[in-house]
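Predicted, not measured: the structure shown is a model, and the values here were computed from it. The basis for the numbers below is simple: all heavy atoms, side chains too, and nothing from hydrogens, waters or symmetry mates.
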Amino acid sequence: SSRNLRVLLDMDGVLADFEGQFLKRFREKYPHDPFVPLDERSGFYVTKQYYALGQDIGTKAFGIYEEKGFFLDLQPIDGAIEAAREMAEMEGVDVYICTSPIKKYTHCVVEKYQWLDKHLGKEWMERMILTRDKTVINGDLLIDDKPNITGGMNPPKWQHVLFTSYHNRDVVLQDGQIRLDGWLPHSRWRDILEQKRQE
Ligand code: TMP
């Protein structure tokens, strides 16, 4: 078709390793508390799983990603930066970053911009969409690790590409969803985009 394909990329769990950083910081800060190893993660919210270990553990978990520096220091997911760059350079493809800040926005919001600047550069500020409701954003594909994305627009315009993460490995795909098992090899995400373009 004549118009560009709009691809929305989630940050946490897709470009940036929220889970790995969370666990690392939690263990550093609370070495004597119980924790959830990555291969035992289930459910989107880390905090929910930590609250199940005790009210105090849940509160501590919350505090981890509210701290200054948490979002800025996230490591890129393997292959993510290269994939984002390559996708943005593709003819006929427009890439946006679509991310939900935490409610305690003080560090998170500015650090999300700083992270993008640090890893992808100033031009990417133009692509940034911060929203707590991704369903109202117009796009052809949303690549996101959250299994059930709901909001005010039902159904959303985009097709959901579920990006595999520890917490969603065993999740059964819903109607219309497709799975992307990581950024490598690049042929995987390229195939998904090509397929969508041909619809
Ligand atoms: P996302 O849907 O754009 O990936 O955003 C996820 C946001 O949710 C991110 O800012 C971190 C936050 N979050 C929590 O508040 N609690 C959690 O347990 C997890 C995993 C994420």
Side-chain angles (χ1 to χ4, degrees), residues 7-38 41-85 88 95-137 139 142-152 163-168 183:
V7 183
L8 310 170
L9 298 178
D10 172 36
M11 279 179 99
D12 300 313
V14 171
L15 296 182
D17 183 17
F18 182 101
E19 294 273 342
Q21 163 93 338
F22 173 86
L23 183 58
K24 182 169 170 275
R25 292 264 167 117
F26 185 88
R27 296 206 62 193
E28 281 166 5
K29 195 160 182 197
Y30 305 111
H32 307 297
D33 279 314
F35 64 93
V36 180
L38 292 179
R41 278 278 295 121
S42 75
F44 178 73
Y45 293 105
V46 176
T47 30
K48 193 170 172 207
Q49 213 175 355
Y50 277 72
Y51 270 117
L53 298 173
Q55 189 71 29
D56 55 322
I57 307 292
T59 307
K60 286 172 177 172
F62 240 114
I64 294 291
Y65 56 77
E66 288 177 347
E67 266 176 32
K68 182 169 166 36
F70 180 85
F71 284 93
L72 180 56
D73 293 345
L74 297 184
Q75 294 300 306
I77 299 243
D78 283 345
I81 301 302
E82 299 74 13
R85 283 220 179 90
V95 178
Y96 295 87
I97 304 297
C98 187
T99 181
S100 304
I102 58 172
K103 288 178 191 164
K104 197 165 172 185
Y105 53 79
T106 313
H107 305 300
C108 177
V109 169
V110 69
E111 288 182 18
K112 279 181 174 289
Y113 278 93
Q114 289 168 333
W115 192 93
L116 204 62
D117 190 4
K118 175 176 167 184
H119 294 282
L120 282 157
K122 286 267 184 289
E123 331 71 91
W124 284 73
M125 304 301 106
E126 305 284 347
R127 306 176 190 273
M128 186 69 131
I129 302 169
L130 271 80
T131 178
R132 296 273 299 178
D133 187 345
K134 298 185 186 184
T135 69
V136 302
I137 309 301
L142 169 66
I143 303 181
D144 200 306
D145 64 311
K146 187 176 186 177
N148 193 25
I149 302 174
T150 56
F163 191 87
T164 300
S165 180
Y166 289 100
H167 65 80
N168 70 24
W183 288 114

Checklist entry - Taking atom CD of Gln114 as the centre, does the number of heavy atoms from other residues, nucleotides or ligands within less than 6.0 Å exceed 12? => result yes

Checklist entry - Would Asp144 and Lys134 pass as an ion pair if we require N to O under 4.0 Å? => result yes

Checklist entry - Hey, is NZ on Lys118 packed in by over 12 heavy atoms from elsewhere, all under 6.0 Å? => result yes

Item to check | Spacing of Leu53 atom CG and Asp33 atom CG [to the nearest 0.5 Å] | outcome: 9.0 Å

Next on the checklist: Whether the side chain of Asp10 engages the backbone of Leu142 through a donor-acceptor N/O pair (distance < 3.5 Å, no angle test) should be reported.
Outcome noted: no

Checklist entry - Should the ring pair Phe26 and Phe22 be called parallel, tilted or perpendicular, given that the plane angle runs from 0 to 90° and is split at 30 and 60? => result parallel

Checklist outcome for this item: When every non-hydrogen atom of Trp124 is compared with those of Ala88, the smallest separation belongs to CZ2-CB, 3.6 Å

Checklist entry - Going through the distances and angles, do Asp145 and Phe44 end up as a side-chain contact (heavy atoms from CB on, under 4.5 Å)? => result CA-CA 8 Å; Asp145 64 311; Phe44 178 73; 3.8 Å; yes

Checklist entry - Any sub-3.5 Å donor-acceptor pair from Arg27's side-chain atoms to Lys29's backbone N or O? => result no

Item to check | Side-chain touch Tyr50/Phe35, heavy atoms, less than 4.5 angstrom | outcome: yes

Checklist entry - Of the non-hydrogen atoms in Thr106 and Val110, which two are nearest, and what is the gap between them? => result O-CG1, 4.0 Å

Checklist entry - Is there side-chain contact between Tyr113 and Leu130, with at least one heavy-atom pair below 4.5 Å? => result yes

Next on the checklist: For Pro76 versus Ile81, what's the shortest heavy-atom pair and its separation?
Outcome noted: CB-CG1, 3.7 Å

Item to check | Interatomic spacing from CG in Leu15 to CD in Gln75 - rounded to 0.5 Å | outcome: 13.5 Å

Item to check | From CG (Leu8) to CZ (Arg127), nearest 0.5 Å | outcome: 12.0 Å

Next on the checklist: Using side-chain heavy atoms (C-beta onward) and a distance below 4.5 Å, is Ile137 in contact with Tyr96?
Outcome noted: no

Checklist outcome for this item: Looking only at heavy atoms, the pair that brings Glu28 and Pro31 closest together is O-CD, 3.6 Å

Checklist entry - Near Tyr30 OH, under 6.0 Å, is it more than 12 heavy atoms from other residues, nucleotides or ligands? => result yes

Checklist entry - Roughly how far, to the nearest 0.5 Å, is the OH atom of Tyr51 from the NZ atom of Lys60? => result 12.0 Å

Next on the checklist: Working to the nearest 0.5 angstrom, can you tell me the gap between His107 NE2 and Phe70 CZ?
Outcome noted: 12.5 Å

Item to check | Nearest atoms (heavy-atom pairs only) where Leu74 meets His119 | outcome: O-NE2, 4.1 Å

Checklist entry - Do Lys112 and Asp12 meet the salt-bridge criterion of a basic N to acidic O distance under 4.0 Å? => result yes

Next on the checklist: Check for me whether the distance between the ring centres of Phe18 and Tyr65 falls short of 6.0 Å.
Outcome noted: yes

Next on the checklist: For Asn168 versus Phe163, what's the shortest heavy-atom pair and its separation?
Outcome noted: ND2-O, 2.8 Å

Item to check | No-hydrogen, no-angle side-chain donor-acceptor test under 3.5 Å, Thr135 and Asp133 | outcome: yes

Checklist entry - Hey, does the side chain of Ser42 reach the backbone of His167 with a donor-acceptor pair shorter than 3.5 angstrom? => result no

Checklist entry - Are any non-hydrogen side-chain atoms of Glu19 and Asp17 less than 4.5 angstrom apart? => result yes

Checklist entry - Checking side chain to side chain contact (heavy atoms under 4.5 Å, CB included) against Val95, which of Leu9, Leu120, Ile143 comes through? => result Leu9

Item to check | side chain to side chain donor-acceptor pair (under 3.5 Å), paired with Asp73, selected from Arg25, Lys68, Gln21 | outcome: Arg25

Checklist entry - Considering only heavy atoms from C-beta outward, does the side chain of Val46 approach that of Val36 to under 4.5 Å? => result no

Checklist entry - Say you draw a straight line from SG of Cys108 to CD of Glu66; how long is it, rounded to the nearest 0.5 Å? => result 10.0 Å

